[in-house]
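Below: one structure, written as structure tokens.
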Amino acid sequence: MQLAYFPGCSAKGSSLDYELSTQAVMAALGITLKEIADWNCCGSTPAHAVSSLLSSALCARNLDLAARAGADLLATPCPSCLSNLKATSKRLEDASFRQKVNALLDAPCAETLPKTTSVMQAMAELVSLDELAQKAKLSLKGLKLVAYYGCLMSRPAELMQFEDPENPMLMERMLTALGAEMLDFPLKTACCGAAFGIPQRPLTAKNSGRILELAANLGADAIVTCCPLCQMNLDLRQAQAEKAMGRRFALPAPYYTQILGLALGLSPEDLGLAKLVVPMDGLLAKLTPKQAPLASEAPSSEVSE
Amino acid sequence: MSSDRFLAHTAIGDFLEGLVQTGYTVYCPQKEPGVRQSVIFAPWQKGLPISLEKATVAPKHLVLPQSEVLFRYSKHKESAEPAKQSLTLDANEIFTPTLLFASRPCDARGFAILDRPFLQGLFRDPYYARRREALCVVSLTCPSGCATCFCHWTGAGPSSPEGSDILMTEIAEGFVLQGITDKGKELLLASKLPEAGEKSQEATKARKAAWQSLSPVQDLSTAPQKLAEIFADQAFWSQATQACLACGACTYLCPTCYCFNITDESLDGENEQGVRLRSWDTCMAKQFTEEASGHNPRPDKAQRMRNRISHKFSSYPENWGSFSCSGCGRCVTHCPVGLDIREIVLKAIHAKTAQQNEKETS
Amino acid sequence: MRIGVFICHCGSNIAGTVDCAQVAAKAALFPDVVYATDPMYTCAEPGQAAIEEAIHSHKLDGVVVASCSPRMHEPTFRKTVERAGLNPYMFEMANIREHVSWIGRDIEANTRKATELVRLAVEKLRHNRPLQAQEFPITRRVLIIGGGVAGIQAALDCADGGIPVVLVEREATIGGKMAKLDKTFPTVDCSACILGPKMVDVAQHPLITLYAHAEIEAISGYVGNFSVSIRQRTTYVDWSKCTGCGTCTEKCPSKKSYDHFNEGIAPTTAITIAFPQAIPKKAVINKDFCRQLNGKKCAVCAKVCPTGAIDFAMEDSFVTENVGSIVVATGYDLMDWTIYGQYGHGRYPDVITSLAYERLMNASGPTGGHIVRPSDGKEPKSVVFVQCVGSRDPAIGRPYCSGFCCMYTAKQAILTKDHIQDSQSYVFYMDIRAPGKMYDEFTRRAQEEYGTHYIRGRVSQIFPDGQGQLTVLGMDTLLGRPVEIKADLVVLAVGIEASRGARELAEKLRISYDAYGFFLESHVKLKPVETNTAGVFLAGVCQGAKDIPASVAQGSAAAAKVLTLFARETLASNPQIAQVTAKRCVGCGKCLRCCPFGAIKSSLVKGEEKAEVIATMCQGCGLCTATCPQGAIQLAHATDDHILAEVNALCRL
Amino acid sequence: MPALANNELRIVGFLCNWCSYGGADTAGVARASQPTDLRIIRVPCSGRVDPLFVLKALLNGADGVLVSGCHPRDCHYGTGNFYARRRLEVLKRFLPILGIDPARFSYTWVSASEGQRWQKVVSRFTEEIHALGPAPRFEAVEPLAKACSWTQESKGPVSVISPELLEQLKKAIADKLPELDCVLGWQEGRDLLHSVPLFIRSEDDLTKLRCDATCHNNLVRYLPDLKGQKVGIIVRSCEARSVVQLLQEGLISREELVVFALPCQGLLDLPRLEEALGRYQRLEDLTLTETTLRLRVDGQERVFQTADFRQSRCEQCPGELPAIADQSFGDFSGQTASQTLPPELAFLDSLNLQERMGFWRACMERCILCHACRNSCPMCVCRDQCIAESREPHWQSAEASVKEKFFFQIIHALHLAGRCTGCGECQANCPVGLPIFALRAHLNRIVSELFDGYQAGCDPKAVPPLLTYSQEEAHIHERSWE
């Protein structure tokens with residue numbers, strides 16, 4: 001299986017561990033990520049704050065590259081990138097807007113552009129929960145986790161088409177399949193404070209703090225993330241959040257791909273676990289080898305492998 | 001000096017164009033493609049192709065349009081005094097000189113048949129008269145008979161001049177045009193066409209050949225009397241018309257049917273106004289004789305068919321001394337259910353009258 | 001014909017953007033118009049008198065009035081011309097206000113349009129013929145659908161006025177929403193204490209027939225003579241035997257049934273009597289929870305019933321009632337607030353609806369009037385009330401205000417303090433809507449006397465904090481900053497919507513409903529109780545949000561309409577019905593097939609099958625006329641010729 | 001009255017009294033400003049709107065027509081708008097074949113409470129009509145006559161009935177004849193090529209019976225007039241469908257009817273054959289096989305390929321004989337459904353709107369209003385009461401203008417919507433060869449699209465689709481102005 005892939009800028013910098021774990025997990029699941037050649041910035045926050053047209057043109061170029069590479073579906077791990085890609089696709093439906101964008105590009109954008117999706121949804125589409133469970137080497141049994149999607153993955157709902165915008169359950173389904181106990185987490189789509197971590201640190205600290213506090217109160221072993229910026233706020237800035245809330249959390253905030261990777265038996269190095277600021281040692285210790293399935297349940301595919 | 005003129009095949013366009021230049025509206029047979037090819041008399045313009053085939057619809061609309069405005073009426077009043085109004089009538093008086101080119105003798109004979117009631121009866125119809133006066137008929141001798149026509153039964157033939165102003169007969173390279181009426185002769189004399197000279201004899205030969213091609217003639221002379229005798233024979237007429245659909249194809253295609261209806265049609269405008277129309281009507285329709293009370297003296301198609309046939313072969317001859325049928329055969333050709341007027345008339349001639357029947361049974 | 005035309009100025013309503021004098025001058029030139037004028041107010045007494053006078057002095061035999069919508073004043077002017085001796089149907093209206101002067105500012109275009117609409121009316125009138133109404137007898141009984149407070153009021157007023165009443169209630173008891181309430185605003189008097197006696201009156205009134213646990217299956221007929229089929233939904237209890245003793249409810253072993261009456265705040269038994277004051281006080285088995293009806297051996301109720309009333313084989317039955325008029329009082333339901341993910345989609349037990357809160361406070365409720373949290377039974381000390389949950393929210397397609405939530409929230413805040421002295425209530429609100437008598441004072445009391453903390457702003461999220469409380473995040477728009485409140489209990493003032501099944505019922509009644517399912521009154525201001533279907537009236541919230549006094553008032557108003565209708569022995573039929581020209585009819589029966597009312601029958605005329613219209617059944621829709629290919633059946637005053645005249649008047653100019 | 005100022009167009013609205021007229025009132029009360037072009041005609045119900053009113057307006061100069069009623073399920077009269085929806089949708093799809101832009105007509109639903117929606121509807125529709133500009137006038141459009149030509153695509157066989165089969169049929173009829181008033185069949189007409197209806201009342205009549213591909217008359221046309229008599233009729237697939245349709249409409253009685261069914265592969269198109277023959281006096285020695293027609297014309301042997309002269313009606317034949325026959329003769333297995341478009345319809349399809357209108361304009365100049373099309377139609381059951389000629393209702397002026405003639409053709413066609421069994425008699429009998437079957441074939445196509453492949457006359461138990469409704473229409477997507 002092949003999947004056209006748009007990593008996004010943070011994949012090559014701040015969220016290298018997301019990138020590593022995504023690549024590793026997808027490979028383990030038999031999916032080859034085909035990174036589109038010569039991609040550029042998605043036109044995210046800083047760009048579209050200045051010019052939404054230029055921002056869309058940046059995205060259009062990426063979509064065009066993917067289209068020319070023959071992709072009909074393009075996946076990205078980053079919710080923000082996805083949001084921009086989707087918004088641009090939508091805006092390009094308007095002929096006059098497309099004209100303006102084309103004027104900014106070297107060559108007119110391809111007529112038919114690939115659909116876009118999150119790596120998470122693509123994964124769920126390509127690999128069933130049963131298959132996922134079969135491929136797992138370790139069990140997450142005994143882990144209490146909360147899934148945190150951030151505010152962008154599912155909103156705006158019409159655009160993102162990501163589950164119930166207020167209560168997405170995709171990570172819960174995946175991780176439950178691997179044995180984890182997923183706690184109901186009401187703040188799973190709350191705002192972490194996002195890029196305000198720089199201009200308005202207290203705001204982000206408060207927002208992230210509230211999220212971490214609830215997770216801690218619920219007794220979670222970790223808060224599982226899927227957005228590079230959220231992860232940064234919850235992990236790198238956890239100390240700031242602790243200060244704001246006046247208590248200590250020590251709550252690991254790994255990417256869901258890292259947790260999946262662990263269950264699939266991938267090494268901590270492959271998954272970039274060392275990059276996490278709040279260590280996952282306690283959690284790693286709880287992992288147990290998966291019990292061999294009963295003979296009758298043994299799937300034939302596994303035998304043939 | 002003979003007015004006979006020669007019109008070469010190649011010169012038809014120029015001849016007609018000359019007539020158009022002198023102010024005639026020229027009607028020619030023109031082929032109309034369709035699911036069934038039809039030939040229609042339509043105004044001719046330079047460059048339009050001309051067909052010399054027999055037209056599908058007889059040219060009677062030139063003297064009796066499918067519908068014509070007899071007059072316009074219009075009521076007028078002032079805003080200040082709306083209860084008081086005046087009425088003005090505005091009769092249609094525009095009649096342009098018209099030339100009918102290449103009609104057939106049976107078509108032309110139709111005009112002669114229409115002329116009698118419209119021009120020679122108690123009332124001279126001014127609308128008809130003005131149109132007829134403005135019309136010049138140039139007929140083309142039929143080269144032969146056809147499967148449905150029967151002009152020779154009705155007292156005419158493929159080169160009968162009756163109703164025509166000019167008779168044209170086709171010969172090798174063109175046509176000989178022969179003036180029949182003064183109007184026709186004058187037109188020919190005024191034309192730039194070469195004199196026919198020797199060619200007139202060729203034309204005479206052609207006409208004779210046409211007559212010789214006809215099927216044997218049937219004697220219809222007893223028809224007026226026989227039809228009068230079987231007028232009340234409902235069984236005869238029912239039997240003869242059971243397939244009839246009571247449409248109007250026969251009457252509207254006919255060169256001699258002239259029944260019409262008169263209606264007022266309002267036109268919308270600021271004030272009240274409208275037109276009085278005369279439009280073709282058909283005796284084959286139930287409404288034709290429907291009275292305001294709802295009573296209808298001819299409720300069945302049998303009675304209506306009886307009317308049509310009796311009018312043509314009995315009552316018209318009684319009044320005017322001639323059949324009101326020119327034998328063009330259009331009603332036979334185009335009847336959806338193939339009713340054949342020839343067959344009905346012949347059957348009538350050979351039918352036993354009620355008295356004869358009585359005698360036989362007693 | 002001699003037609004008079006009256007172009008109404010309607011003060012400046014029409015004359016402001018239409019040159020009425022010019023329209024009148026043009027109209028004078030139209031065919032058959034012998035008189036045209038432009039009065040100031042045609043519908044006013046002098047205006048009507050002027051029409052009558054003109055009919056006499058100009059010997060008019062037809063009148064056109066160009067003014068407002070015929071839906072407004074056509075009946076008025078028909079009476080006017082009738083007073084002057086004309087047949088009321090020799091009258092036509094041109095709507096040059098709603099359709100012209102009020103929707104465009106271009107005087108030239110408006111004047112032209114008005115002139116053409118007048119021409120249209122004149123051309124139509126020229127085809128009018130005098131029509132005569134027929135008198136037909138009426139059934140002087142009324143059907144009231146819905147036994148909430150509005151329906152109860154309408155039933156009692158009608159019955160007291162001597163009209164037999166058929167009252168149909170979907171639930172097992174009448175009383176509606178009001179029966180669930182603890183206290184009522186602004187007096188804080190006991191709801192059951194004021195409603196209870198009325199419910200008893202219904203039960204005891206000799207002229208009221210009550211069908212509870214029943215629904216309307218089908219309705220046919222027309223004003224004066226409706227035939228109603230009522231589905232008596234099975235209760236599995238023979239009510240003719242049930243004494244309401246309650247033994248069965250005590251012994252029933254299935255104790256986890258959903259308690260609809262108590263809004264699910266506590267489970268109940270499978271066989272229940274809704275509440276002690278229920279009317280009728282009869283038991284009903286909830287099929288979903290009954291062990292016997294779900295294939296398990298039980299039948300405890302049947303064993304303990306002293307009168308042998310339990311009947312597990314019982315099925316729905318049908319009754320037909322003939323009535324002359326119908327009052328619809330079907331009330332409302334709460335919208336499904338669980339669509340709000342930010343309030344937890346219904347996952348958190350301590351986020352409840354205000355109606356459930358009423359049951360928590362109510363002494364006859366499952367907690368005996370003790371306010372406790374559904375999750376752990378503890379007394380809440382911090383209660384947050386959230387207003388406008390599903391009201392005034394265009395994002396979910398509910399832009400309308402539910403009307404009474406502001407008031408009951410104030411009441412609930414007050415009662416919370418009464419019940420739990422050391423509690424603190426918070427109210428998140430958008431605006432406080434308290435326009436009724438003593439209402440604003442009441443909400444002030446909640447704030448000033450009872451210390452309720454009112455916060456103007458919406459709640460963005462409610463979630464459990466993991467430590468037993470709920471975190472309520474919101475915005476204080478007056479202070480312009482976010483607020484975060486820890487709550488023990490959150491009460492949502494959930495918006496109302498039309499009662500479930502309202503649309504289907506409207507379709508049976510052939511009345512209209514708006515985009516939200518509320519029934520449409522005939523005129524927003526002048527006919528708030530009538531519907532567009534003659535003989536069908538509205539009462540209560542089914543027509544739109546209103547509180548108890550307004551519902552009661554509309555119930556009485558509907559009853560007054562019924563009594564007015566029944567003040568006569570007979571009704572005049574609408575003579576604008578279909579007529580057959582037998583001569584043109586070929587007896588193909590296409591009209592019979594299409595007629596929505598079965599008002600056309602086939603009959604033999606001179607041995608031939610012809611259509612015949614049953615005058616009293618025809619409602620004048622004209623479907624038959626549009627169906628008949630030969631134009632043999634023509635709807636009077638909307639004949640082909642009428643409409644053709646109008647089309648021609650517009651198109652051939 | 002002055003013509004509309006040049007910036008206004010002629011837009012006619014038909015609004016039901018209860019919902020949409022009220023909605024327009026609501027919009028007015030709310031002072032919701034609207035373009036001034038629209039003129040409203042108040043009707044009791046959208047079901048009252050005969051599609052012919054819309055066409056009358058469009059032909060007489062309206063630039064746009066809008067019909068608005070209560071929302072489906074919300075009809076004041078219960079079901080009126082359900083019927084309207086079907087009829088108006090058929091109308092909308094019918095317009096293009098006449099050369100009228102379907103965008104000039106729209107129908108929608110506006111309730112009495114939806115003032116805003118009404119404002120939106122009026123504004124949008126008026127904008128759309130302005131975008132189209134003034135409508136072309138039928139009487140003023142350039143006639144497109146000479147471009148009218150098409151080639152017959154058909155290559156199918158025509159019917160030949162073997163002498164043995166004919167004898168079988170004659171015997172069966174002879175057996176039944178004593179209990180019947182008459183049996184309808186065909187006989188030779190004025191010559192070998194022309195067959196005409198035969199009313200068999202005696203054994204002697206029976207000897208004249210002929211049943212081959214020259215027998216084009218649809219005998220079902222006579223049945224309603226014979227109501228009350230016991231009649232036998234010989235049918236092929238197309239006549240059988242006409243019988244079924246009349247039974248559905250209750251215009252004939254099954255008990256009075258004995259149906260003798262024959263198989264059929266196709267019929268000869270006599271007008272085109274006549275055209276190929278030219279003027280002749282005598283026809284002799286006709287032999288007809290499925291593929292060739294031989295005959296001697298004025299002494300000369302002529303041979304034609306029957307496939308070149310198959311009737312266009314046979315191109316849409318559903319093939320199968322509806323279950324209506326009392327007695328069947330011969331082998332019906334060769335009858336298969338044909339789905340080819342009739343050539344006249346394919347030709348019209350290939351034209352743009354303007355050309356289509358020009359085409360019909362040219363056709364109507366030839367129409368003489370003889371009504372042979374109508375009177376030969378087995379489904380034209382109004383007979384003498386046709387609204388094209390009545391004075392009350394006064395649908396048509398007696399003026400023989402192209403517009404009035406065209407309107408007559410439209411009446412005929414629309415009255416056949418969902419009822420036309422495709423026998424093609426209308427066109428076959430037109431003296432001036434107007435391709436009016438195309439209008440019916442197009443309507444049949446619309447009805448089939450909208451109502452799950454419905455074909456008139458195939459099922460005796462079916463209800464003609466325009467005489468019924470369904471609450472949810474599977475193939476009608478009402479236009480909304482959301």
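Chain identifiers are assigned alphabetically (A, B, ...) following the order of the sequence lines, protein sequences preceding nucleic acid strands; residue numbering begins at 1 within each chain. Nothing here was measured: the structure is a model prediction, and the numbers come from that model.
- Considering every non-hydrogen atom in both B:Gly145 and D:Gln281, the closest pair reads O-CG, 3.3 Å.
- Listed by first and then second residue, the salt bridge (Lys or Arg N to Asp or Glu O under 4.0 Å) pairs that reach into residues 36-54 of chain B are B:Lys31-B:Glu53, B:Arg36-D:Glu274, sequence neighbours excluded.
- For D:Arg221, the part lying near chain B is the side chain, with the backbone staying farther off; criterion is any non-hydrogen pair under 4.5 Å.
- Heavy atoms closer than 4.5 Å to chain B are found in the backbone of D:Cys430, but not in its side chain.
- Closest heavy-atom contact between D:Tyr222 and B:Val337: OH-CG1, 3.3 Å.
- Ranking B:Ala249, B:Ala285, B:Ala246, B:Ala243 against chain D, the residue ahead of the rest is B:Ala243, based on heavy-atom pairs under 4.5 Å.
- Here the NE2 atom belonging to B:His334 is positioned 11.0 Å from the CG atom belonging to D:Asn429, to the nearest 0.5 angstrom.
- When side chains are defined from C-beta on, D:Leu369 does not count as touching B:Trp280, because their heavy atoms never get closer than 4.5 Å.
- The greatest number of non-hydrogen atom pairs below 4.5 Å with chain D, out of B:Ser215, B:Pro65, B:Ser144, B:Ala42, is found for B:Ser144.
- Between B:Leu277 and D:Ser397, the closest side-chain pair of non-hydrogen atoms falls below 4.5 Å.
- In this structure, chain B has no heavy atom under 4.5 Å from any part of D:Arg282.
- Residue D:Cys426: no heavy atom, backbone or side chain, is found under 4.5 Å from chain B.
- Using a 4.5 Å cut-off on side-chain heavy atoms (C-beta onward), B:Gln242 and D:Arg201 make contact.
- B:Asp264 and D:Arg391 make their closest contact through O-NH2, 2.9 Å (heavy atoms, listed as atom of the first residue, atom of the second, distance).
- Between D:His394 and B:Ser266, the closest side-chain pair of non-hydrogen atoms is not below 4.5 Å.
- In this structure, D:Ala398 and B:Ser67 approach most closely via the heavy-atom pair O-CB, 3.9 Å.
- Between chain D and the options B:Pro143, B:Ser213, B:Cys250, B:Cys149, heavy-atom pairs under 4.5 Å are most frequent for B:Ser213.
- In summary, the side chains of D:Arg366 and B:Ser38 do present a donor paired with an acceptor at a separation below 3.5 Å, with no hydrogens or angles considered.
- Within the 4.5 angstrom heavy-atom criterion, atoms from both the backbone and the side chain of D:Glu399 approach chain B.
- B:Thr56 approaches D:Val432 most closely through the heavy-atom pair CG2-CG1, 4.3 Å.
- Both the backbone and the side chain of D:Tyr280 come within contact range of chain B, with heavy atoms under 4.5 Å apart.
- Per-residue counts of heavy-atom pairs under 4.5 Å with chain D were compared for B:Thr251, B:Leu214, B:Thr333, B:Asn261; the largest is that of B:Thr333.
- Inter-residue side-chain proximity for D:Lys405 and B:Gln66 is flagged as met; some heavy-atom pair is nearer than 4.5 Å.
- Proximity to chain B involves both the backbone and the side chain of D:Asp384, based on heavy atoms less than 4.5 angstrom apart.
- Closest approach of B:Leu245 to D:Asn375, counting heavy atoms only: O-ND2, 2.9 Å.
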